[in-house]
Amino acid sequence: MSILDVSDLNVWFGKHRDRVDAVKGATFSVAKGESFGLVGESGSGKSTILRAITGLAPDWSGSIVVEGQQLTKKRPKAFFKTVQMVFQDPYASLHPRHSVDQVLGETLHLHGFKEIDSRVVKLLDDVGLGQKFRFRYPHQLSGGQRQRVAIARALAPEPDLLLLDEPTSALDVSVQAEILNLLADLRRDRGLTYVMVSHDLSVVGHMCDRLAVMKDGEIVEILDVAALRAMKATHPYSKHLLEASV
Amino acid sequence: MADTQTWRQWLLTETPTSRRHAKISAIYQGWLSFRSNTMAMIGLGILVLLVFVAFAAPLLAPHDPFVQDLGNRLAPLGTDGHIFGTDSLGRDILSRLIYGARITLYIVALVALIAPVAGLLVGTVSGYVGGWVDTILMRITDIFLAFPRLVLALAFVAALGAGIENAVLAISLTAWPPYARIARAETLTIRSSDYISAIKLQGAGPLRIITKHIWPLCISSLIVRVTLDMAGIILAAAGLGFLGLGAQPPSPEWGAMISEGRRFILDYWWVATMPGLAIFTVSLAFNLLGDGLRDVLDPKAGE
Amino acid sequence: MMSTLLDVQNLWVKFPTRNGVFDAVRGVSFTLGRERLGIVGESGSGKSMTGRAILRLIRPPGIVEADQISLEGVDLMNLSEKDMRAVRGQRISMVMQDPKFSLNPVMTIGDQIIEAYRLHSSASKSEAYNKSLEMLEAVSIRDAERVMRAYPHEMSGGMGQRIMIAMMLIPNPEILIADEPTSALDVSVQRQVLDIMDKLVKERGMGLIFISHDLNLVADFCDRVLIMYAGRVVEVCDANKLHEAKHPYTRGLLNSLPRLDAPRDRLEVLERDPEWSEAPSVSGRI
């Protein structure tokens with residue numbers, strides 16, 4: 001059973017002469033519990049697909065189906081209990097004047113949870129931060145710690161599908177390992193489905209079961225990780241990417 | 001000694017233990033960086049002194065500011081009992097300056113409450129909502145900006161009638177557009193940031209985003225701008241007073257005092273100069289304070 | 001052995017803070033010949049500070065101390081600010097991470113290169129123009145005349161970075177310091193930029209200091225590598241032997257990378273030993 005079905009998705013920015021087509025005719029589906037990768041160079045439209053799914057990119061056509069529900073222009077509040085996103089840059093995704101406690105507390109409040117205090121504590125434990133980080137402000141946290149807070153925020157509504165937009169590209173390699181391990185553990189413990197965007201084939205190869213290679217807004221190839229490891233890409237562009245990253 | 005040391009550690013901790021602790025700690029660190037700016041501390045010192053003088057005016061003033069003594073009019077500086085001399089009706093200039101501080105503070109406080117709040121509302125709504133709302137609000141702002149400030153204030157006062165309250169209202173009405181512009185510019189950059197996207201993905205509506213997420217970031221730059229504008233506001237109030245449209249005689253408003261002294265400025269210079277110096281000092285103090293606050297409050301320098 | 005261009009001895013960079021003095025770089029020593037020297041480390045390891053300190057680009061309140069930073073026998077620590085300006089650009093050039101922030105957005109690329117060139121030599125305008133064209137062609141920019149007329153925002157990241165390198169090379173410096181020159185670029189473009197730098201270093205006999213966080217890239221591209229941790233050099237090794245590195249920190253970094261050819265369930269997490277930052281710097285001098 002698939003949790004996400006995207007077919008013939010087009011996303012564009014601007015109007016008329018300034019129109020830029022960021023995604024052209026993208027079609028893929030993600031099974032429940034799967035981890036799916038979107039790979040491509042900058043400007044290939046991989047992040048734009050995530051933004052279209054969450055409603056942050058308003059101009060799109062085609063069909064997006066999440067858990068059997070066809071999405072329309074406006075996302076109902078319940079949608080965000082199913083789908084959450086982790087952003088690329090942990091330095092930009094946390095409000096500079098809100099403490100960790102405020103960030104998580106507000107998220108829980110917006111989703112109508114009770115017992116906010118105990119849930120904040122639990123979330124911090126789940127992402128490996130613990131109590132002592134609860135009242136800190138973003139500038140008192142390292143990049144990896146910030147990304148953990150961002151992951152905790154995305155987990156707060158207890159979503160089924162987590163969209164990861166280059167979650168480790170702004171981090172050091174040793175911190176990247178910690179965050180990737182954390183994400184793998186969370187997926188196993190909570191039965192989450194991931195759609196992960198990355199420019200790094202080895203990261204996607206480590207995290208995902210299947211991946212789509214994107215170029216200039218189009219998906220040129222969908223292959224599974226075994227084929228990737230065996231260097232058995234068929235499209236010339238995927239081959240080129242593979243060679244460049246080994 | 002050991003006790004104060006732990007106090008300091010408690011305030012500078014990296015691991016606050018409660019919401020209140022985190023708040024106090026953040027404020028203390030801001031204070032520390034403000035304190036290291038000598039000029040800003042001088043500005044703050046002058047303003048604290050001004051507030052004290054305004055509150056304790058009846059105790060500090062050597063004379064009643066309204067009592068006339070025509071036999072002793074236009075006494076020079078250093079006259080016995082009148083350090084700053086007397087004005088054209090023989091009233092003690094020092095006492096009038098001390099009481100005038102109350103009026104100045106009153107004007108400043110009222111304008112500082114009205115103008116930035118109006119500007120913040122208009123600017124953030126305009127910047128966040130965008131589209132035709134933005135167009136309409138910004139054109140209105142442009143219209144207000146296009147008038148020379150004092151002329152517009154004069155027109156308002158002329159329509160509303162002379163008096164301090166109306167002068168405050170008139171100054172506020174001419175002062176808000178720049179704040180709206182600043183708030184809008186800030187909102188435009190904040191609006192497209194990831195943390196606003198993130199809270200949108202939690203289902204937050206525009207009202208919550210504007211009030212809880214955008215305002216806190218705009219307010220600091222507005223506070224800085226307000227303190228820098230204070231000098232202009234005092235001068236505008238003084239200007240209205242000078243033109244006879246602000247505070248009415250015999251009220252010891254500083255601008256009105258300059259206006260009265262103008263007639264004798266060649267022969268009895270101190271009558272106009274003393275309130276002028278007072279305006280100068282307070283304006284300078286606000287400017288210094290504004291500079292210091294900018295260093296502390298600028299979120300980009302928050303590290 | 002090869003001649004020594006730059007000799008850095010016991011370099012310290014200090015920043016006084018409210019809670020005492022913070023040492024960003026602690027006792028780093030190395031020499032640079034006509035070679036490609038890599039400096040690797042994570043953010044905060046002091047690798048960028050080292051590059052900036054050599055050019056004396058650390059702003060107050062930061063303090064730079066060193067026994068010597070000698071460029072072919074002349075100690076840069078003793079030069080006046082005016083003499084230092086002649087060294088920067090003329091003899092030691094620096095390429096920064098993001099070309100977007102290094103180019104002036106309101107000037108055409110041609111004007112900027114020509115200005116940079118005329119700042120260092122008294123060439124006529126047409127001479128400078130020809131030289132600039134030549135430089136753009138040297139960094140494999142086709143259609144150089146069109147690029148000269150373009151503005152920075154019309155360029156892609158890879159183009160911008162190549163233009164930056166071209167600008168830095170015009171005065172024909174002896175040393176190029178490249179601070180993460182390819183981190184903002186896509187993998188395929190990354191290769192091209194590296195190849196260009198490689199070619200130039202070889203042809204001109206320049207010394208290159210290549211600062212990066214990417215171990216594999218440095219292992220591939222450089223001759224010698226300094227590994228920095230907490231402001232110190234913890235290990236020095238030949239680049240082709242980087243994968244046999246011995247220091248636990250280097251090993252940890254290498255093992256924490258996911259690899260396509262060796263899938264693992266969990267990545268190894270680096271356990272930081274406080275002793276690493278206490279041990280004195282390893283010297284990278286030859």
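So you know, we letter chains A, B, ... as the sequences are listed, proteins then strands, and number each from 1.
The distance from atom CZ of R208(B) to atom CG of L110(A), rounded to the nearest 0.5 Å, is 4.5 Å. Taken from CZ in R20(B) to CZ in F135(A), the straight-line distance is 11.5 Å, to the nearest 0.5 Å. Within the model, atoms CD of Q202(B) and NZ of K81(A) stand 10.5 Å from one another, a figure rounded to the nearest 0.5 Å.
More than 12 heavy atoms of other shown residues, nucleotides or ligands fall within 6.0 angstrom of atom NZ in K73(A). Around the OH atom of Y28(B), the shell of radius 6.0 Å holds more than 12 heavy atoms that belong to other residues, nucleotides or ligands. Other residues, nucleotides and ligands place no more than 12 heavy atoms under 6.0 Å from the NZ atom of K122(A).
When Q84(A), M85(A), Q102(A) are compared by the number of non-hydrogen pairs under 4.5 Å with chain B, Q84(A) comes out ahead. In terms of heavy-atom pairs under 4.5 angstrom with chain A, the leader among I196(B), I199(B), I190(B) is I199(B). The most heavy-atom pairs under 4.5 Å with chain A, out of S25(B), S197(B), S193(B), come from S197(B).
Residue contact with chain B, scored on non-hydrogen atoms closer than 4.5 Å, is absent for Q131(A). Heavy atoms closer than 4.5 Å to chain B are found in the side chain of Y137(A), but not in its backbone. Contact annotation for R75(A): neither backbone nor side-chain heavy atoms come within less than 4.5 Å of a heavy atom of chain B. Proximity to chain B is limited to the backbone of L94(A), based on heavy atoms less than 4.5 angstrom apart. Contact of T54(A) with chain B is made through backbone and side chain together, with heavy-atom distances under 4.5 Å.
Between F87(A) and L201(B) the shortest side-chain heavy-atom distance falls below 4.5 Å.
Smallest separation of non-hydrogen atoms from R97(A) and P216(B): NH1-O, 3.8 Å. The heavy-atom pair separating L217(B) from P96(A) by the smallest distance is CD2-CG, 3.7 Å. Nearest heavy-atom pair across S93(A) and D194(B) is CA-CB, 3.7 Å.
A ring-ring contact (aromatic ring centres under 6.0 Å, His included) check over residues 177-201 of chain B, counting only residues at least two apart or in different chains, returns the pairs H95(A)-Y195(B).
Under the 3.5 Å distance criterion, the side-chain polar atoms of H98(A) are matched with a main-chain donor or acceptor of K212(B).
Interface residues of residues 43-54 of chain B toward chain A, defined by a heavy-atom distance below 4.5 Å: none.
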